[in-house]
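Since the structure comes first, as structure tokens, the remarks are kept for the end.
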Amino acid sequence: MVAVSADTTQDLHKSFTEAEVFKLAPGNRVLIISDFHMGDGGRSDDLLKNGNLIQDILEKYYLTQDWYLVLNGDIEELQRYSYSKIRSYWGKLYEIFDAFYKKGRLFKILGNHDEDLVLEKRYPYPLLGSLKIETPVIPVYVFHGHQTSKVYTNYNHIIRASLRYFLKPLGIRNISSGRSPRHRFSVEKKAYNYARNNGIISVIGHTHRPLFESLGRFDYIKFEIERLCREYPLAAGEDRKRIADEVLFLRIELAKLKRSERRNSLKESLYGDELPVPCLFNSGSVIGKKGINAIELDSSNISLVYWFTEGKGKKFVRRGSYTIEPLAGTEQRRSVLNTDRLDYIMAKIELLG
């Protein structure tokens with residue numbers, strides 16, 4: 001049993017037990033995506049750079065293929081903008097949400113930046129605190145993630161006032177937990193511990209950092225290099241050269257990530273000195289500098305995907321051994337970064353948790 005503060009455990013357990021329940025049947029597919037931070041279209045609107053990308057992929061890929069859409073918090077940026085201004089500028093995006101809702105395929109979860117939607121009497125969609133997806137294999141608990149931090153649950157009104165009346169007039173973009181490695185680690189650690197202690201999968205947003213099976217990209221690369229080094233002595237010919245090239249590329253990527261992180265965040269680990277339990281996933285955000293991350297889920301598998309516009313994506317996708325799928329009629333591209341079976345994940349949670 002991993003220690004979690006009593007207050008955090010109580011808050012998360014209350015959210016879990018009161019969560020809306022969605023039973024995922026065979027053949028159903030779910031997109032879990034978060035942190036749009038929709039603004040008014042002005043210079044400090046975080047969604048502007050990926051606005052066309054998110055509209056294209058939702059309308060022309062997920063909607064047409066009958067996916068369920070889970071909006072996991074911080075969709076509207078109400079700490080800096082009014083709902084009416086957001087709705088006015090992002091009308092097309094709301095039309096896409098409407099289309100999912102009319103099909104009975106939309107779930108809207110509140111985050112710390114859009115929790116004031118409960119005050120909007122004409123808001124068109126039911127608002128959830130969390131969602132429990134009952135797969136045939138294991139429960140998947142979806143919540144935004146700010147519930148792990150007393151700063152956001154107790155003092156969100158103070159943060160809202162500083163953003164709207166001080167930072168916004170200066171044209172300063174969103175200041176979130178995603179920009180603080182120390183806070184990001186704290187949020188993820190508490191969410192990880194709760195999922196591990198309860199033998200479930202948790203999917204969060206909030207920190208803007210994609211996680212797959214409790215691993216961020218830095219940790220994942222280290223494990224991947226270890227795996228490739230074990231394969232190298234048994235390989236021959238082109239396979240041996242491919243492994244050597246991949247290891248070289250991953251070492252370069254690891255060095256870049258190390259330089260980009262601040263403080264001592266890379267010395268910390270979600271799982272301490274123990275084997276990682278693959279119970280925590282994070283969908284990342286829609287406002288990444290070079291694309292969008294999201295979680296895809298069906299009755300048997302879970303995946304971390306990356307969407308980008310041709311010519312603007314992250315270099316590691318092009319250089320690595322990833323399959324890049326074009327979205328017909330657009331410049332948008334999809335790549336699956338990681339995927340695994342739910343039964344395998346459940347086995348590891350049972351054995352290691």
Side-chain angles (χ1 to χ4, degrees), residues 29-35 49-50 52-54 56-58 60-62 65 67 203 205 208-232 234-235 237-261 276 278 280-298 300-342 344-345:
R29 295 177 295 179
V30 180
L31 173 71
I32 304 172
I33 194 165
S34 70
D35 294 274
K49 59 182 175 293
N50 289 333
N52 291 333
L53 174 58
I54 186 60
D56 277 350
I57 69 175
L58 289 181
K60 300 174 183 178
Y61 186 87
Y62 294 104
Q65 297 185 34
W67 287 66
V203 179
H208 297 193
R209 182 168 79 130
L211 293 174
F212 190 82
E213 296 185 352
S214 308
L215 299 177
R217 181 149 181 80
F218 188 88
D219 287 316
Y220 171 78
I221 288 176
K222 290 192 293 184
F223 280 94
E224 188 68 3
I225 289 175
E226 173 67 19
R227 181 186 68 80
L228 290 169
C229 287
R230 289 184 182 277
E231 290 183 2
Y232 186 73
L234 304 176
E238 287 299 317
D239 281 344
R240 193 176 181 91
K241 182 179 184 303
R242 174 187 58 80
I243 291 173
D245 289 343
E246 286 192 28
V247 169
L248 176 60
F249 166 72
L250 289 172
R251 288 177 59 197
I252 294 171
E253 184 71 11
L254 198 67
K256 288 170 59 179
L257 287 172
K258 188 174 182 179
R259 290 195 299 269
S260 69
E261 289 288 352
L280 181 64
F281 294 75
N282 190 315
S283 56
S285 79
V286 174
I287 59 173
K289 290 182 179 179
K290 295 185 178 181
I292 292 170
N293 283 105
I295 293 290
E296 294 179 354
L297 176 70
D298 62 31
S300 303
N301 303 282
I302 188 168
S303 303
L304 174 67
V305 299
Y306 172 60
W307 283 94
F308 62 97
T309 301
E310 180 64 29
K312 298 181 181 179
K314 294 181 179 179
K315 292 181 179 179
F316 78 82
V317 177
R318 287 290 186 190
R319 292 176 179 172
S321 56
Y322 299 100
T323 299
I324 298 175
E325 173 189 353
L327 178 57
T330 75
E331 294 184 320
Q332 320 306 0
R333 305 290 181 263
R334 173 180 174 270
S335 185
V336 178
L337 301 184
N338 306 88
T339 190
D340 222 331
R341 302 191 325 269
L342 291 177
Y344 170 75
I345 293 171

message: Once rounded to the nearest 0.5 Å, what's the spacing between atom CG of L31 and atom OH of Y62?
response: 5.0 Å
message: Can you confirm if the NZ or CZ of R334 lies within 45° of the ring axis of Y306 and under 6.0 Å from the centre of its six-membered ring?
response: no
message: Quick check on Q65: does its CD atom have over 12 non-hydrogen neighbours (other residues, nucleotides or ligands) under 6.0 Å away?
response: yes
message: Can you confirm whether E331 is buried at CD, in the sense that more than 12 heavy atoms of other residues, nucleotides or ligands lie under 6.0 Å from that atom?
response: no
query: In Å, rounded to the nearest 0.5 Å, how long is the span from CG of L254 to CD1 of I221?
result: 5.5 Å
task: Kindly check if the number of other-residue, nucleotide or ligand heavy atoms within 6.0 Å of OH (Y344) is above 12?
output: no
query: So, do I54 and I33 sit near enough that their side-chain heavy atoms are less than 4.5 Å apart?
result: yes
message: Taking the side chain as everything from C-beta on, heavy atoms only, tell me whether L297 gets closer than 4.5 Å to L342.
response: yes
- prompt: Taking T309 for the side chain and Q332 for the main chain, is one N or O donor matched with an acceptor at less than 3.5 Å?
  reply: no
Identify each donor-acceptor pair in which a side-chain atom of residues 282-290 lies under 3.5 Å from a protein atom, sequence neighbours left out, and give them as a table.
unit_1, atom_1, unit_2, atom_2, d
N282, OD1, G284, N, 2.8
N282, ND2, G205, O, 3.1
N282, ND2, T207, OG1, 2.9
N282, ND2, R209, O, 3.3
S283, OG, S34, OG, 3.1
S285, OG, I287, N, 3.3

message: Testing N293, L280, N338, L304 one by one against L211 for a side chain to side chain contact (heavy atoms under 4.5 Å, CB included), which residue passes?
response: L280
message: For a side-chain contact (heavy atoms from CB on, under 4.5 Å) check, start with the C-alpha distance between R318 and F308, then their side-chain angles and the critical distance, and finish with the verdict.
response: CA-CA 11 Å; R318 287 290 186 190; F308 62 97; 4.2 Å; yes
query: Rounded to the nearest 0.5 Å, how far apart are CZ of R341 and CD1 of I302?
result: 14.0 Å
Sub-4.5 Å side-chain heavy-atom contact between F249 and K315: no
task: Give the minimum heavy-atom separation between D340 and F212, together with the two atoms involved.
output: N-CZ, 3.8 Å
message: Give me the atom names and distance for the closest heavy-atom approach of Y322 to L337.
response: CE2-O, 3.7 Å
message: With heavy-atom distances below 4.5 Å as the criterion, would you say the side chains of V336 and T323 are in contact?
response: no
D239 atom CG: more than 12 heavy-atom contacts under 6.0 Å: yes
Closest non-hydrogen atom pair between F281 and E213, with its separation: CE2-N, 3.3 Å
- prompt: Is there a side-chain contact between Y232 and V247 (heavy atoms, below 4.5 Å)?
  reply: no
field: Least distance between heavy atoms, I243 atom then L228 atom
entry: CG2-O, 3.5 Å
message: Taking side-chain hydrogen bond (donor to acceptor under 3.5 Å, both in side chains) as the definition, give me every residue that meets it alongside K60, ordered by chain and number, with sequence neighbours left out.
response: D56
message: Within this structure, what is the CZ-CD distance for the pair R240 and E231, rounded to the nearest 0.5 Å?
response: 12.5 Å
task: Verify the neighbour count for atom CZ of R251: are there more than 12 heavy atoms of other residues, nucleotides or ligands below 6.0 Å?
output: no
All side-chain hydrogen bond (donor to acceptor under 3.5 Å, both in side chains) counterparts of N301, not counting sequence neighbours: none
